[in-house]
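Hydrogens, waters and symmetry mates are skipped; everything else that's a heavy atom, side chains included, is used. Residue numbers begin at 1 in each chain, while the letters A, B, ... track the order of the sequences.
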Amino acid sequence: MFSHWWKFGRDRITDVDLFSDGSESAAETLSQAIRAAASQEPDADGGVLFGQLRGTVVGLRYYTGVVNRGEMVGLVREPHNPYDKNAVMVTNVLGRQVGHIRKELAAAMAHVMDNDLAKVEGVVYSGTNNSFSMPVTLSFLGSEENKDAVVKHMASRGFRLDADGGGAAGAKGRSFGSPGSSFSFKKGMTIPLTAEELKNAFDNLFEGLMQSKDGEKEAAESVATPLLPHQKQALSWMCARENKDVLPPFWEKRGDLYYNSLTCFSAKEIPERVRGGILADDMGLGKTLTTIALILTNFHQGKPLPVEICDGPFSPTKAKNKSQECFKLQGSSSAVNSAGESSHCSAIPKEDVIDAADVVLVEDEPQKSTSKEKHKPTKRKPSKEGPVLLEDLDFAAALSCATSETRPKKKKTTKESKLKQSVEMSVSESTEDFSAKATLIVCPLSVLSNWLDQFEQHLRSNVKLNIYLYYGSERNRSKTFLSSQDVVITTYNVLSTDFGNKSPLHGINWLRVVLDEGHIIRNPNAQMSKAVLELRAQRRWILSGTPIQNSVKDLWMLLAFLRLKPFDVREWWNRVIQRPVIQGDRAGLQNLQNLVKCITLRRTKNSEVNGRRLVSLPKKTVYVEQVELSPREREEYELARNEGRLTIGRYVAEGSVLRNYADVLAILMRLRQYCCHPDLIGKIATDLATADTPAELRQRLMEKMRLVLASGSDEECSVCLDSIRMPVITHCAHVYCRPCIAQVISSEQKARCPLCRSEIKTSELVEFPPPEEMEDEKSVNSDRWRASSKVQALMGNLLRLRSEDVNIKCLVVSQFTRFLTVLQTPLREHGFSFVRLDGTMSQKKRTQIIQEFQSSAADSPKVMLLSLKAGGVGLNLTAASRVFLMDPAWNPATEEQCIDRCHRLGQERNVVVTKFIVKDSVEENMVKIQKKKQDLVEKAFGSTNTDRKTSRIDDIRALLEV
DNA sequence: ACCGCCGGGTGCC
DNA sequence: ACCGCCGGGTGCC
């Protein structure tokens with residue numbers, strides 16, 4: 001009755017159902033259906049070339065901005081220009097004004113630009129023979145649906161848009177505006193990259209970036225831990241990045257000028273150097289240690305950081321320090337050092353210890369800080385003016401339509417001050433700015449305590465470093481105090497909370513800013529990202545094990561933070577790198593690769609130096625342990641399974657599988673829960689159609705959304721293809737970012753869900769529910785506690801292990817926190833001391849639990865109950881050498897990540913992982929899908945829109961196929 | 001700008 | 001003198 005549900009329009013009834021192997025052809029039909037639906041979405045990248053035309057830039061003599069032959073120029077609407085509300089300003093790469101578009105053309109363009117019908121980009125291909133005007137080639141780009149309107153409008157004003165390239169209109173893989181590629185296009189053919197090539201190239205973007213030619217550098221004496229060879233290499237590279245005067249990528253010296261070969265921009269001043277870069281080593285290779293070594297080894301002029309040396313390793317001072325650090329860890333704000341303590345310390349004369357006076361002398365020498373102080377408020381203002389400025393602050397301020405009369409002036413100030421800044425920077429090439437002293441480390445809360453631990457662990461015990469934890473409500477907000485520290489550590493949250501509220505962190509001229517787990521600032525709209533961009537620093541570093549998560553787009557934020565000219569301005573990044581790469585342009589990809597190579601060092605666990613692995617981790621073995629259900633459990637399971645078949649069978653009959661896929665997930669979820677323990681099953685999600693009241697419907701939708709998110713299948717929004725921000729759920733139970741879906745709805749008269757094409761309305765969107773209340777132990781009835789086959793399998797293992805080695809520690813991991821709760825009972829019964837770590841715990845609690853677990857004391861806990869999603873990367877649980885994965889996850893990477901929490905640097909034992917899989921169940925199918933997903937991840941290149949959609953669709957397909 | 005345009009001065013040739 | 005012509009002033013938007 002139900003078994004043929006995949007086979008639309010087929011006569012032969014085959015036994016294909018959710019719970020056995022899916023048929024490929026049936027799945028194909030489904031995926032095609034979804035693909036067809038998805039292809040109706042507007043193309044988010046809107047990269048169709050409508051045509052080009054030759055225009056004139058006039059008024060050159062009034063402005064100082066210059067352009068070279070072939071240089072790209074920016075076009076900025078100036079609706080508040082007192083002479084012409086249609087004015088379009090022309091700027092060079094630095095944002096300096098070059099001139100205006102001639103008024104007749106500007107009048108025609110204004111309409112197009114103001115209504116977002118097209119993006120207009122300009123390139124000055126040929127020079128001028130006078131100092132008053134010059135020709136410019138304008139390209140109009142946008143989404144197909146606007147093409148006609150734009151072409152007609154321009155024509156009505158007497159401007160004909162030519163599809164240049166002699167009839168080769170729409171040639172794929174062309175990149176417009178990038179002079180290099182246009183040139184090669186004209187010369188012959190630029191063969192666009194195939195998706196496969198692109199994928200490979202992109203995957204390798206961060207590979208092979210070892211800079212061993214830089215040699216190795218020893219850390220300063222104050223670093224106690226000897227560096228491994230690859231860490232010495234990293235240190236050497238980082239010091240070189242900070243100290244050496246190397247031109248940024250694509251800049252070269254041509255006579256007296258500095259020339260950028262990509263944008264064809266040139267300037268008299270040396271481009272602002274990027275002092276810093278991206279340290280993208282794999283997790284566990286010691287990015288933290290290397291960074292600590294950098295801080296201590298490379299102060300001004302390549303000398304080590306001057307530190308106080310105390311009498312002896314066991315001096316009472318150190319003990320006091322320690323206790324204070326612990327105190328601080330708990331959120332207090334007292335500094336490690338205090339004036340009183342220094343009396344206990346006596347400096348040991350040492351060669352590499354610079355007298356503190358050296359530093360004090362030059363402290364307030366440059367006037368730089370004051371001049372920067374002045375323009376600071378100007379720069380920051382635009383961000384306060386509301387959500388209009390969605391992109392890069394500076395760029396938006398300079399290029400977006402001004403909304404008030406005062407804006408154009410502000411823009412100018414910004415640009416000028418920016419320029420001034422770069423001039424100042426070039427001056428400081430010769431005379432280093434010694435006023436900056438402190439390094440600011442910004443990290444996610446979850447690794448904050450790790451930094452403190454690591455400083456403690458890697459510093460020589462007689463070295464006194466001023467570390468201040470800028471966290472907690474009692475934090476000291478004094479700028480003088482903060483800037484006098486050696487190191488200030490804070491979190492992204494604190495930074496963005498402070499931002500815009502007289503943030504002391506933003507008023508300090510930092511020697512160095514380090515972003516730990518820097519990939520988390522990839523969303524340029526986030527307040528956090530804005531806060532990070534506004535930090536003032538001489539040197540900037542990004543630490544990240546996964547510098548790009550999804551696509552080229554993720555990189556922009558990193559480059560913007562590093563202030564890599566000119567790509568810190570979004571437009572130039574888009575034009576020169578992002579669009580060419582997405583369109584498959586070889587030159588664009590080459591440029592991207594060069595760019596990344598210049599500023600990144602990345603080694604993986606598998607990298608080898610001179611034929612030897614960088615780090616040798618203990619062996620890791622993964623076992624799958626099959627669990628047989630007891631007859632009674634099997635009976636219950638089969639009952640639920642059949643119920644699920646019926647429901648899904650009905651959807652198939654109605655042709656509504658896609659619209660109800662949240663329900664499909666819910667059914668799978670129930671089965672997965674049965675596999676673990678019968679008590680995990682919560683309220684059964686009823687069909688939406690049976691909801692009586694709107695409130696009830698709302699409640700159900702929220703439940704569904706929780707399910708969808710909990711199932712781990714829907715981490716991204718199908719509209720923006722990015723991770724979901726401000727999640728909302730539609731009545732058809734698909735989750736999107738609120739702004740994304742709102743836009744979809746407003747752009748069509750009768751809006752349809754991009755995933756299932758059912759009708760949607762703004763008024764029917766339901767907000768993401770507040771985080772689920774943690775079920776406490778009460779919800780799992782402990783009086784009537786019963787075991788399950790899986791529980792028994794685990795307990796059998798634990799007991800055996802304990803009898804072999806009492807000190808062995810285990811991680812017991814489940815996606816269901818309720819399962820963790822269930823497991824507490826037998827653990828207690830058998831006298832295991834255990835701790836529990838899940839997503840609901842406060843950071844303070846977490847730190848405490850991790851410390852407890854990591855302790856080697858005899859009475860320390862031997863088992864940690866860990867919720868799969870708790871914590872995140874960076875968690876250090878090396879005390880455990882056994883991992884029990886109680887239930888399979890959709891995403892194998894999540895499991896890997898979890899295993900890596902103990903299989904990482906610092907692990908001394910071999911790691912044994914046991915995955916429990918219930919035989920003949922949904923879990924077995926999930927394992928198959930995991931494998932398939934792995935292949936998909938390897939095959940699907942995650943950059944172009946279509947490919948991204950395909951991979952996401954395959955994902956859904958895989959989910960449904962079970 | 002070695003242009004175009006504007007507007008004032010000028011006015012047979 | 002309601003034009004043409006001349007030559008100086010001027011010049012983005």
Exercise. For A:Arg254, what residues pass the side-chain hydrogen bond (donor to acceptor under 3.5 Å, both in side chains) criterion, not counting sequence neighbours?
Worked result: A:Glu252
Problem set entry | Non-neighbouring partners of A:Asn86 that pass side-chain hydrogen bond (donor to acceptor under 3.5 Å, both in side chains), sequence neighbours left out | none
Exercise. Considering Watson-Crick and G-U wobble pairs with both distances under 3.5 Å, what does C:dC12 pair with?
Worked result: none
Seminar exercise, completed: Pairing partner of B:dA1, by Watson-Crick or G-U wobble and under 3.5 Å for both distances, is none
For this session: Name the orientation of the base relative to the sugar in C:dA1: syn if the glycosidic angle is within 90° of 0, else anti.
Result: syn
Exercise. For A:Asn130 and B:dG4, what is the distance between atoms CG and C1' respectively, to the nearest whole Å?
Worked result: 13 Å
Pick the [atom1] atom in [N] and in [M], then give their distance to the nearest Å.
N: B:dC2; M: C:dC13; atom1: C1'; value: 26 Å
N: B:dG11; M: B:dC6; atom1: P; value: 24 Å
N: C:dA1; M: C:dC5; atom1: C1'; value: 12 Å

So, [X] side chain and [Y] main chain: donor-acceptor pair closer than 3.5 Å or not?
X: A:His153; Y: A:Ala108; answer: yes
X: A:Trp572; Y: A:Val93; answer: yes
X: A:Trp510; Y: A:Arg539; answer: no

Exercise. Which atoms form the tightest heavy-atom contact between A:Glu571 and A:Lys119, and what is the distance?
Worked result: OE1-NZ, 3.6 Å
For this session: Would you mind building the protein contact string for nucleotides 8-13 of chain C? One character per nucleotide, 5' to 3', B for base within reach (heavy atoms under 4.0 Å), S for sugar-phosphate only, - for untouched.
Result: ---BBB
